[in-house]
Amino acid sequence: MFQFEFMRYAFLASTFIAITCGVVGVYVVARKFSFLAHTLSEIGFSGAAFAVFLGIAPLWGMLLFTLLGSISVGELSMRSDQKESAISAISALFIGLGVLFLAISGSNSRYATNILFGSIIGVDRQGVIQLVILSIVVLLLIILVQKQLNFDSFDHIGALSHGIKTGLIGVIFLVALAMSVSIGSQIVGSLLVFILLTLPSSTARYLGRTIPAMIVWSVLIALLGVWAGLYLGFITNCPVTFFISLIEVAIYLVAYFVHVIRHKL
C-alpha cells in the first residue's frame, strides 16, 4: 500500500488532520459548537466552489470563507435569541452559493463530489505541505491560549469572574476552528468534516476524566478512524469517508453503551 505515493501523502495528511481535529474537537464539544462546526463545513463547501470558479486551489477558498464565516456566525450565535434559525438561514445561503459557483465555473459533478466527500488521490506533495503547516498553526494557537481556553470552555462563568478576556479567547478559537474545518475537508470532505470535529471528542468525554486525557483519547480515536478508513478504502475501493464515519460512529456507540451500563450497575 505504501508503495503508492498518493497513499503515503494521504496517510501523512490524515495524521495531521486527525491530530488537529481531535484537539480542537474537545473544545468544540465543550463549548457546544457542534452545530457551528456543521455550518462551517457547509460554508467551506461554498468557499471551495468559489475557489474553483476563480481557478485557485479549493483549500484557499475554504480558508477565506470559513474564517469570515466563523467570526460572523460565532458572533451571531452568541448574540441572537434565535441563533439556530439564524445559523440555518446562513447555512442554506452558503449551500446555494456553492452550487451557483460550481455551475458557473463549469465544473463536473465528480469535482463537486470530491469537494463534498474528499478524495485521497487528490492530496499531492504541495497539498501535504500546506496541510501540515496549517495544522501546526492551529495547534500553536490552541497551545498559546490553552489555559484560558480550558477555563472558558469548561467554566465560562468562572472565567468571567477571574477577568479572562473570554471574547478574545472566543475569537481565537473560532479562527482555529475555521482552519480545522478547512484542512479536515481535504480528507473527509466539507460535508462530513464535522465528524472528525465532534465524534472522537464526544467519545473521549466518556473515557477521559481530565482535559489532557480527553484530548489524548480524542486524538487517538480520530487517528484510528482515518488510518483504518484509508486502509479499508484502499483494499475495497469504497469511499474512505464511509469507513471513517462508520468507525467513528461505532466507537462512539460502544463507549456510550459501556458508560450507560456502568452507571446502571
Side-chain angles (χ1 to χ4, degrees), residues 13-52 57-77 87-88 90-95 97-98 101 112 114-119 122-123 127 130-142 149 153 170-202 218-219 222 225-226 240-241 244-245 248:
S14 66
T15 296
F16 277 88
I17 289 170
I19 293 172
T20 303
C21 290
V23 172
V24 174
V26 170
Y27 299 102
V28 169
V29 173
R31 299 171 79 90
K32 296 180 174 59
F33 274 4
S34 298
F35 189 40
L36 176 58
H38 184 271
T39 300
L40 287 178
S41 68
E42 294 166 346
I43 292 176
F45 162 68
S46 181
F50 180 66
V52 172
L59 175 61
W60 303 118
M62 283 186 179
L63 276 174
L64 174 63
F65 274 50
T66 54
L67 283 171
L68 294 175
S70 65
I71 303 299
S72 58
V73 175
E75 287 293 315
L76 180 63
S77 66
I87 293 176
S88 295
I90 292 175
S91 176
L93 171 63
F94 275 97
I95 290 176
L97 286 173
F101 289 138
N114 288 342
I115 293 175
L116 287 170
F117 302 107
S119 173
V123 184
Q130 292 172 348
L131 290 174
V132 169
I133 292 173
L134 289 172
S135 296
I136 292 173
V137 170
V138 172
L139 294 174
L140 286 176
L141 279 176
I142 297 297
L149 183 60
S153 299
V171 169
I172 293 173
F173 177 71
L174 287 172
V175 170
L177 174 58
M179 295 177 68
S180 299
V181 168
S182 296
I183 62 179
S185 298
Q186 306 307 303
I187 291 294
V188 296
S190 62
L191 190 61
L192 297 176
V193 67
F194 72 95
I195 290 173
L196 288 180
L197 283 167
T198 55
L199 280 182
S201 51
S202 296
S218 181
V219 169
V226 296
V240 171
T241 301
I244 294 176
S245 304
E248 298 296 355

Going by the salt bridge (charged side-chain N to carboxylate O under 4.0 Å, His left out) test, which pairs reach into [range], not counting sequence neighbours?
{"range": "residues 14-29", "answer": "none"}
{"range": "residues 17-26", "answer": "none"}
{"range": "residues 31-40", "answer": "R31-D152"}

Taking the side chain as everything from C-beta on, heavy atoms only, tell me whether [X] gets closer than 4.5 Å to [Y].
{"X": "V226", "Y": "I17", "answer": "no"}
{"X": "L197", "Y": "L177", "answer": "yes"}
{"X": "F173", "Y": "V28", "answer": "yes"}
{"X": "L63", "Y": "M179", "answer": "yes"}

Out of curiosity, [X] [atom1] to [Y] [atom2], how far, rounded to the nearest 0.5 Å?
{"X": "S14", "Y": "I183", "atom1": "OG", "atom2": "CD1", "answer": "11.5 Å"}
{"X": "I136", "Y": "F16", "atom1": "CD1", "atom2": "CZ", "answer": "5.5 Å"}
{"X": "F33", "Y": "L174", "atom1": "CZ", "atom2": "CG", "answer": "5.5 Å"}
{"X": "F194", "Y": "L40", "atom1": "CZ", "atom2": "CG", "answer": "12.5 Å"}
{"X": "C21", "Y": "L199", "atom1": "SG", "atom2": "CG", "answer": "12.0 Å"}
{"X": "I43", "Y": "L68", "atom1": "CD1", "atom2": "CG", "answer": "9.5 Å"}

Name all residues meeting the side chain to side chain donor-acceptor pair (under 3.5 Å) criterion together with [X]; count only those two or more places apart in sequence or in a different chain, and write none if there are none.
{"X": "S135", "answer": "T20"}
{"X": "S180", "answer": "none"}
{"X": "T15", "answer": "W227"}

If every non-hydrogen atom of [X] is compared with every non-hydrogen atom of [Y], which pair is closest and at what distance?
{"X": "G225", "Y": "I244", "result": "O-CG1, 3.5 Å"}
{"X": "G98", "Y": "A49", "result": "O-CB, 3.3 Å"}
{"X": "I142", "Y": "A176", "result": "CD1-CB, 4.0 Å"}

Mind checking what makes side chain to side chain contact (heavy atoms under 4.5 Å, CB included) contact with [X], not counting sequence neighbours?
{"X": "A51", "value": "I56"}
{"X": "S218", "value": "V26, P200, S201, A204"}
{"X": "S46", "value": "F65, F94, L97, F101"}
{"X": "I172", "value": "L141, V145, L168"}

side-chain contact (heavy atoms from CB on, under 4.5 Å) evaluation trace for M62 with V181: CA-CA 8 Å; M62 283 186 179; V181 168; over 6 Å; no
Listed partners of Y27 passing ring pair (Phe, Tyr, Trp, His ring centres under 6.0 Å), at least two apart: none
